[in-house]
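The sequence lines fix the lettering, A, B, ..., with proteins before strands; numbering per chain opens at 1.
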2 protein chains.
Amino acid sequence: MGEAELSLAAVRDALVREEDSIVFALIERARRPRNAPAYAAAAAAGGRSLAEFFVREAEVLHAKAGQYQKPEDVPFFPQDLPSPLFPTKDYPKVLHSFASSVSVNDAIWKMYFNELLPLFTVDGDDGNYAETVALDFACLKALSRRIHIGKYVAEVKFKDASQDYSPLIRAKDTKALMNLLTFKAVEEKVKRRVEKKARIFGQNVTLEDNADKQEGNAGDSECKVNPEVLSKLYDLWVMPLTKDVEVDSISVQASLNIN
Amino acid sequence: MGEAELSLAAVRDALVREEDSIVFALIERARRPRNAPAYAAAAAAGGRSLAEFFVREAEVLHAKAGQYQKPEDVPFFPQDLPSPLFPTKDYPKVLHSFASSVSVNDAIWKMYFNELLPLFTVDGDDGNYAETVALDFACLKALSRRIHIGKYVAEVKFKDASQDYSPLIRAKDTKALMNLLTFKAVEEKVKRRVEKKARIFGQNVTLEDNADKQEGNAGDSECKVNPEVLSKLYDLWVMPLTKDVEVDSISVQASLNIN
């Protein structure tokens, strides 16, 4: 995101577009069954799983190519990432550089593998482990980016009402901060929208003029990912983790202003 | 694909599902403008572009993870790919091992960068080069897989009617072979279906009950990728290249039978 874009409307547009990426990534991962061996400790990688091996190595490659320069692009394994080999463009700095340090990727990692994956993949093992972990990486990247766009949300909300936030930050009242950052009506709308996206993007499109299907009203069992999983994902994890990012970012921002 | 799956119906199902992946990948790439610097020769990579550097390195990583064991997974840079570091599952061999050698990836590469990319990305440079080439790699992979599933199509068609194919193969009559492999009515249907998929998957989904939008009838200008680009992509490149794969595969198969 660039300087000119830092309005609540622009940030919301970015969040809405990211929903499509998350739904696409989950639909693609759902082509393959669970494929548990991809997540088991492997001697070849010093006890790491294929999934961890792949994400670590993919992040090294993406870093060489110039990724992870923006606050919303947060690596899962930031230790010892190489510098870009190729010239990168400087982004207008809209967030304090300290914002880069805010990361909830450990929580995203655990949530994805322990909670989410069993909800939208079927039991089974078809042997396509390499493809599977590449699809996992795409899901993790989309989720992480959506959640870390919270850094911009925080910046916009804080600028709009610093007088409301500052006392709570000074008192380290995380619960009150969280309440102030929560807009129930908006959250309900987001949940219904991602559910609808899963219904529309996950349908089997045929040339028959089946009005039901076109309206995305096909039985949810026919969808490639159960639309309710998307609603649950946002309710239980994406929106709470985004707010964790917001609280962390606002606290960082405020402590810098105070000192 | 496995042994039990090698029927024309199963192969067609695989092709239909792959359409979704191609449409998703193009929609994702279209988030970013052309970003021409990603395709320019770069000193850092010995004169290679960032795009080529990225695809080469990504293929090395995917190979280590166990990719490229199946006939439809064909690398763009097969030279010196490492062996898998992780245990892989043996796939039931439904195609002669010589089928692995059939590849039209050079043509796919040229088509994608020279012809297709300018059709569905807007002019411009937003600096997100690393993200851009990662999205290109996803497009290339999906297109290559779709086209190389032609190896199975060839096997099924040849088994069903080897008496029709064999004389043409012996005469090396590529044009007549191509005609025999062409089913105009099916191709028209495929073109209309991918266009419809682009319209449905590329719409901006909102909670308003806009019947037009739900039916995927929103103006094409509102779609993230112009649906006509998908129809053209299949007409001019995907279906012809798939048939090139079919002709090559059938010729290989037949020459082995004859000798």
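Interface residue B/Ala58: backbone and side-chain heavy atoms are both found under 4.5 Å from chain A. For B/Thr132, no part sits under 4.5 Å from any heavy atom of chain A, backbone or side chain. Heavy-atom distances place the backbone of B/Pro87, and not its side chain, under 4.5 Å from chain A.
Minimum heavy-atom separation, A/Lys196 to B/Thr206: NZ-O, 2.7 Å. Heavy-atom minimum distance, A/Ile200 versus B/Phe201: O-CE2, 3.8 Å.
Using bins of under 30°, 30° to 60° and over 60° for the plane-to-plane angle, the ring pair B/His62/A/Phe54 lands in the perpendicular bin.
Top candidate by heavy-atom pairs under 4.5 Å with chain A, chosen from B/Lys197, B/Glu57, B/Glu28, is B/Glu28. For chain B, the option among A/Ala65, A/Pro37, A/Ala45 with the highest count of heavy-atom pairs below 4.5 Å is A/Ala65. Between chain B and the options A/Glu19, A/Arg145, A/Lys141, A/Gln69, heavy-atom pairs under 4.5 Å are most frequent for A/Arg145. For the options A/Val133, A/Val60, A/Asp126, A/Ile27, heavy-atom pairs under 4.5 Å to chain B are most numerous at A/Ile27. The candidate with the highest count of non-hydrogen atom pairs below 4.5 Å against chain B, out of A/Glu131, A/Gln67, A/Lys89, A/Arg17, is A/Arg17. Residue with the most contacts toward chain B among A/Tyr68, A/Phe86, A/Tyr129: A/Phe86 (heavy-atom pairs, distance under 4.5 Å). In terms of non-hydrogen atom pairs under 4.5 Å with chain B, the most contact-rich of A/Thr88, A/Leu85, A/Asn128 is A/Asn128.
Atom CZ of A/Arg12 is surrounded by 12 or fewer heavy atoms from other residues, nucleotides or ligands within 6.0 Å. Within a 6.0 Å sphere centred on NZ of B/Lys232, other residues, nucleotides and ligands contribute 12 heavy atoms or fewer. Heavy atoms of other residues, nucleotides or ligands lying less than 6.0 angstrom from CD of A/Glu187 number more than 12.
Of the candidates B/Gln203, B/Arg31, B/Lys224, A/Asp20 forms a side-chain hydrogen bond (donor to acceptor under 3.5 Å, both in side chains) with just one, namely B/Lys224.
A/Phe53 places a side-chain heavy atom less than 4.5 Å from the side chain of B/Leu61.
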